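So the structure is just underneath, and the comments pick up after that.
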There are 2 protein chains.
Amino acid sequence: MTDSRLNQIVSKIKKMGYSLTPQRVEIIKIVSESKSHPSAAEVYNKIKESYPMVSLNTVYKNLSMLSSLHEVKEIKTMQNSVHYDGDVSLHGHAICENCGKIIDVQINEPDFKKFFENKIKGRLTENYHINNYGVEFYGLCDYCYTADPAVSET
Amino acid sequence: MTDSRLNQIVSKIKKMGYSLTPQRVEIIKIVSESKSHPSAAEVYNKIKESYPMVSLNTVYKNLSMLSSLHEVKEIKTMQNSVHYDGDVSLHGHAICENCGKIIDVQINEPDFKKFFENKIKGRLTENYHINNYGVEFYGLCDYCYTADPAVSET
DNA sequence: ATCTATATAGTATTTATTATTATATAATAA
DNA sequence: TTATTATATAATAATAAATACTATATAGAT
C-alpha cells in the first residue's frame, strides 16, 4: 500500500481517538495489500507470520473498527462468512457461488457514478440515509464452471 | 402470489426431479408473499402457524434449494444472517446497517438493464459465468437515523 | 397398494462471530 | 523519562446461524 494511504487511515484513527498498535497497523497493511478479499480468519493466519501471539478477537475488532470508519469494505459470500476489501473506491465484485472466490469489477468510470446516483438513489421508497453502495455479480468462476459439471448445471 | 408464479416454480421443481410436499409449497408461498425479506428463522416461525411440526432444518433445506433454482434471492445483511426475497426480478436493496431492515429499490427500467449489461459485464477481468447480479445500498433507515444519534454519526 | 427414493423432524455438531475479563501497552502529562 | 489512565490485546467462554446425521414418514412411480 502507498504511504499516503496508510497515513490517511492512521490519521483518521487518531482523529477518532483510537490508538495505534503494531497489530492494528499490520492488519491494515494486510487487508490493504491483499487482492484476494480475505476473511477474518485469513487475515488472522497471515498476521500470525509476523505476530504469532495475536488473537482472532483482535483481528475481528480491528476489521470491524476499520469497517465503521469506512476504510475497509465488507463483502458477504454464499458461504456465509464476511470478507474484507481494503480498496474502498467505487467498484463491484463478482462472487463465485461455488467456491466463494471474489474478484473486482472495475466500474469507477464517471458515467457509472452519475448514472447510479441520478437514476437509482431517487428510487428509494423510504427515507434511507445511504452512505455506500455496491454492485455484485453472482455466478461461477471459470475453475468451478469447468471443473464441476454438476455445479454448472444449477 | 399469483397462480402462474406458483405454477412456474412448481414445474421447475418437478423438472429438476424434486418432489412436492405441503411444507415445501408453504415455504414457497411464505417467501413469495412476504414483503419483509424474512430470514430462515422468520420463515420457520411463520410456517409453524400452519404446520407446527415443521423443523428448522426443513426450512433451511428448502430455501437453499429454491435459491439454487434461482427462484428466491439471498440477501446478506450486516448482522450476518441471510434473508430471502421471493421477488427474483431485477431490483436492488437498501439495507439498514443498524437494524438490518431491507427495502426494495425499483431499478428495473430498461435503460438500467442495458447500462448494466453493456458497461459492467464487459469489465470482468476473469471469465466468470454470471447468472445474476444485484445492487445494494448501505446506510441507515429513517428510524435508526433519527432514533439513535450515536449510530448516525459513524 | 406396494415400493423406493427423497423429504422431514429431531437432534447433535460445526463454524463464524461476539462477549468477558485479566493483563499489557499506547497515549498523555508530570 | 516515568507515572498514570484509558484503550487494546490475548485467552477463553459464550452465542447464534447454519449444517450434518439418522431414523421415520411420505411423494411419486409402478
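Computation of the quantities below employed the complete heavy-atom set of this structure, encompassing side-chain atoms and omitting hydrogens, waters and symmetry-equivalent molecules. Note that the structure is a prediction, hence the values are computed from the model and not measured. Residue numbers start from 1 in every chain, and the chains themselves are labelled A, B, ... in the order their sequence lines are given, proteins ahead of strands.
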Those residues of residues 43-65 of chain A lying under 4.0 Å from DNA chain D by at least one heavy atom: A:Met53, A:Val54, A:Ser55, A:Asn57, A:Thr58, A:Asn62
Counterpart residues, salt bridge (Lys or Arg N to Asp or Glu O under 4.0 Å), relative to B:Lys101 (two or more places apart): A:Glu126
Any residue meeting side chain to side chain contact (heavy atoms under 4.5 Å, CB included) with A:Asp87, in chain and number order, not counting sequence neighbours: A:Asp85, A:Ser89, A:His91
Residue pairs fulfilling salt bridge (Lys or Arg N to Asp or Glu O under 4.0 Å) with at least one residue in residues 16-29 of chain A, sequence neighbours excluded: none
Distances under 3.5 Å between nitrogen or oxygen atoms of protein and nucleotides 1-6 of chain D:
none

All side chain to side chain contact (heavy atoms under 4.5 Å, CB included) counterparts of A:Glu42, not counting sequence neighbours: A:Pro38, A:Ser39, A:His83
Shortest non-hydrogen contact from B:Pro22 toward B:Tyr51: CB-OH, 3.5 Å
Phosphate contact (D:dT9 OP1 or OP2) by A:Arg24 side-chain N/O below 4.0 Å: yes
Short side-chain N/O contact to D:dA10 OP1/OP2 from A:Gln23, under 4.0 Å: yes
Pairs flagged by salt bridge (Lys or Arg N to Asp or Glu O under 4.0 Å) wherever residues 2-20 of chain A is involved - sequence neighbours left out: A:Arg5-A:Glu71, A:Lys12-A:Glu71
Net bend of the helix from C:dA1-D:dT30 to C:dA30-D:dT1, end axes of five pairs each, nearest 10 degrees: 40°
Test salt bridge (Lys or Arg N to Asp or Glu O under 4.0 Å) applied to A:Glu49 - qualifying residues, sequence neighbours left out: A:Lys46
Minimum-distance nucleotide (side-chain atoms of A:Ser19 versus D:dT7, D:dA18, C:dA7): D:dT7
Residue pairs, two or more places apart or on separate chains, that pass ring-ring contact (aromatic ring centres under 6.0 Å, His included) and touch residues 21-40 of chain B: B:His37-B:His93
Which residues share a side chain to side chain contact (heavy atoms under 4.5 Å, CB included) with B:Lys48, sequence neighbours left out: B:Tyr44, B:Asn45, B:Val54
Results of side chain to side chain contact (heavy atoms under 4.5 Å, CB included) for B:Ser64 - residues two or more places apart only: none
